[in-house]
Structure formats: structure tokens, C-alpha cells
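Here's the structure we're looking at; comments come further down.
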Amino acid sequence: RSTLFPYTTLFRSTNLDQTMAHKKKEIDFEQNVRDIIGEIKEYGFGMLNDMIDPQFVDCDPAKQSCRVRYKKFKWEDNGRGEVHGGVISAMMDTTMGINAIALTSDSVSTADMTISFLRPFTGKSFIVESEAVQLGSRVIRLMAKAYDEETGKCLAMSTGSFMHVDYDYTQGKQLGV
């Protein structure tokens with residue numbers, strides 16, 4: 001352990017360290033994903049997460065992945081009939097955030113995110129699949145891919161890091177995304 005940089009443990013994480021492995025055993029991953037999406041719909045009126053309307057598709061607890069559907073709305077257009085890149089980023093961020101919260105049962109906040117736009121989002125609905133890459137005691141790393149639901153073509157790929165955050169649920173809504 002370096003004495004020059006005492007915060008190295010902040011960024012050190014392993015696949016399912018002991019703390020996260022313990023938490024993982026206590027949760028029902030699919031039910032958590034469904035509950036989080038329900039919270040978005042219940043408490044998120046007027047918020048971006050609610051406006052993009054995430055819909056549960058399925059989960060694979062063994063892969064630590066979930067799939068969420070997003071329908072295309074007129075307000076998301078960029079002027080060429082394609083979904084605006086900011087909205088696509090929100091879809092990816094929301095899906096990875098749902099996944100991170102469902103796996104850890106903690107509130108999280110996006111620390112960083114990258115996205116590669118491969119094709120325009122011109123279809124009627126899209127599936128975003130998120131998979132946990134690394135669950136650490138402080139940082140959760142995920143990746144996501146977005147597909148056109150009708151054609152199955154991959155349209156975008158993203159990676160993100162999410163930090164556990166303390167959130168006082170008594171001071172507001174229970175929305176953790």
C-alpha cells in the first residue's frame with residue numbers, strides 16, 4: 001500500500017469482493033430491477049428517467065445483467081427523425097444505474113460514462129442491455145449495448161462507473177437512479 005497516495009483503496013476493486021458477495025446473496029436481483037423501474041414511474045413524473053419510460057424486459061442474475069426497453073417519442077428527435085444523442089446517453093445511463101442499484105441495493109451516482117454511437121436510432125423501440133463488469137466496495141463498473149428492437153442491430157455501446165452514495169431517504173423521494 002502506497003503512503004504517497006493513501007486513497008488507492010478507493011479505486012481498487014475485485015470481481016465480487018467479500019462485501020458485495022455477501023450483499024448479492026441477500027437480494028432478489030430481478031425483483032430489485034422491477035422495483036427500481038416502478039419507483040421511476042411512481043416518483044419520477046417530469047424527470048428525464050421517467051420521460052424516457054424504461055420498461056422491464058428481463059434479467060440474468062448469473063450474468064449480472066438486465067435488459068430494459070425504451071420506446072421512441074417525438075420529443076426525443078434531433079431534427080432528422082433520429083433519437084438525440086443526449087437521450088441515448090440517458091437510456092444507457094439509466095439502464096446501467098438500474099443494474100448497479102439492483103445488484104448492490106444501494107444508491108449510486110454516475111462517476112463516469114463513455115458512449116460510442118454506432119448507428120442512428122431510427123426505429124420505434126430499443127433494448128438496452130447492461131452487464132456488471134466489476135463490483136467493488138465503492139465503485140461498480142458496467143457496460144451496456146443498445147439494440148434496435150425490430151432489427152436486432154447494435155446501435156450504441158457504453159461503459160460506466162457508478163459510485164455508492166449516501167442518500168438520506170427521509171429527506172425526499174426514494175428514487176435512487
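Predicted, not measured: the structure shown is a model, and the values here were computed from it.
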(message) Can you tell me how far apart CE (M92) and OG1 (T110) are? Round to the nearest 0.5 Å.
(response) 12.5 Å
(request) Indicate the atoms forming the closest heavy-atom contact of S158 with M96, along with that distance. (result) OG-CE, 3.4 Å
(message) Could you report the tightest heavy-atom contact between P61 and F29, atom names first, then the distance?
(response) CA-CD2, 3.8 Å
(message) Tell me if a side-chain donor or acceptor on R138 pairs with a main-chain N or O of H164 at a distance below 3.5 Å.
(response) no
(request) List the steps, then state whether side-chain contact (heavy atoms from CB on, under 4.5 Å) holds for E30 with F56. (result) CA-CA 9 Å; E30 181 175 329; F56 177 83; 3.7 Å; yes
(message) I need the single residue from N32, L103, I40, V128 that forms a side-chain contact (heavy atoms from CB on, under 4.5 Å) with I98. Which is it?
(response) I40
(message) Treating K72 as the side-chain partner and G81 as the backbone partner, does any N or O pair qualify as donor plus acceptor under 3.5 Å?
(response) yes
(message) With clusters defined by side-chain heavy atoms of hydrophobic residues (ILVMFWY) lying less than 4.5 Å apart, directly or transitively, does L48 cluster with I36?
(response) yes
(message) Is there a side-chain contact (heavy atoms from CB on, under 4.5 Å) between F121 and D77? Walk through the geometry before answering.
(response) CA-CA 9 Å; F121 281 54; D77 281 359; over 6 Å; no
(request) Check whether any side-chain N or O of K41 sits under 3.5 Å from a backbone N or O of P54 as a donor-acceptor pair, and report yes or no. (result) yes
(request) State, to 0.1 Å, how close Y70 and I52 come at their nearest heavy-atom pair, and which atoms those are. (result) CD2-O, 3.3 Å
(request) Evaluate side-chain contact (heavy atoms from CB on, under 4.5 Å) for L118 paired with K153, printing each intermediate quantity in order. (result) CA-CA 10 Å; L118 306 175; K153 289 184 179 179; over 6 Å; no
(request) Run through T95, D93, N99 and flag the one making a side-chain hydrogen bond (donor to acceptor under 3.5 Å, both in side chains) with S130. (result) N99
(message) Keeping D148 on the side-chain end and T122 on the backbone end, is there a donor-acceptor pair under 3.5 Å?
(response) no
(message) If I compare all heavy atoms of A132 with all of L135, which pair ends up nearest, and what's the gap?
(response) CB-CD2, 4.2 Å
(message) Can you tell me how far apart OG (S116) and CE (M157) are? Round to the nearest 0.5 Å.
(response) 5.5 Å
(message) With heavy-atom distances below 4.5 Å as the criterion, would you say the side chains of V57 and I127 are in contact?
(response) yes
(message) So, taking the atom named SG in C66 and the one named CD1 in I37, what distance separates them when rounded to the nearest 0.5 Å?
(response) 7.0 Å
(request) Grab the two heavy atoms, one from S109 and one from V165, that are nearest each other, plus how far apart they are. (result) CB-CG1, 3.7 Å
(request) Verify side-chain contact (heavy atoms from CB on, under 4.5 Å) between V87 and W75, making sure each step is shown before the conclusion. (result) CA-CA 10 Å; V87 175; W75 67 265; 4.0 Å; yes
(message) Testing the basics here: between G97 and V108, what is the closest heavy-atom pair and its distance to 0.1 Å?
(response) O-CG2, 4.2 Å
(message) What's the separation between atom CE in M143 and atom OG1 in T114, rounded to the nearest 0.5 Å?
(response) 12.0 Å
(request) Following the transitive rule for hydrophobic clusters with a side-chain heavy-atom cut-off under 4.5 Å over Ile, Leu, Val, Met, Phe, Trp and Tyr, establish whether I115 and Y147 coincide in one cluster. (result) no
(request) Any chance you could measure I88, atom CD1, to N78, atom CG, to the nearest 0.5 Å? (result) 8.0 Å
(message) Let me confirm one number: the CZ-OG1 distance from F126 to T151, rounded to the nearest 0.5 Å.
(response) 9.0 Å
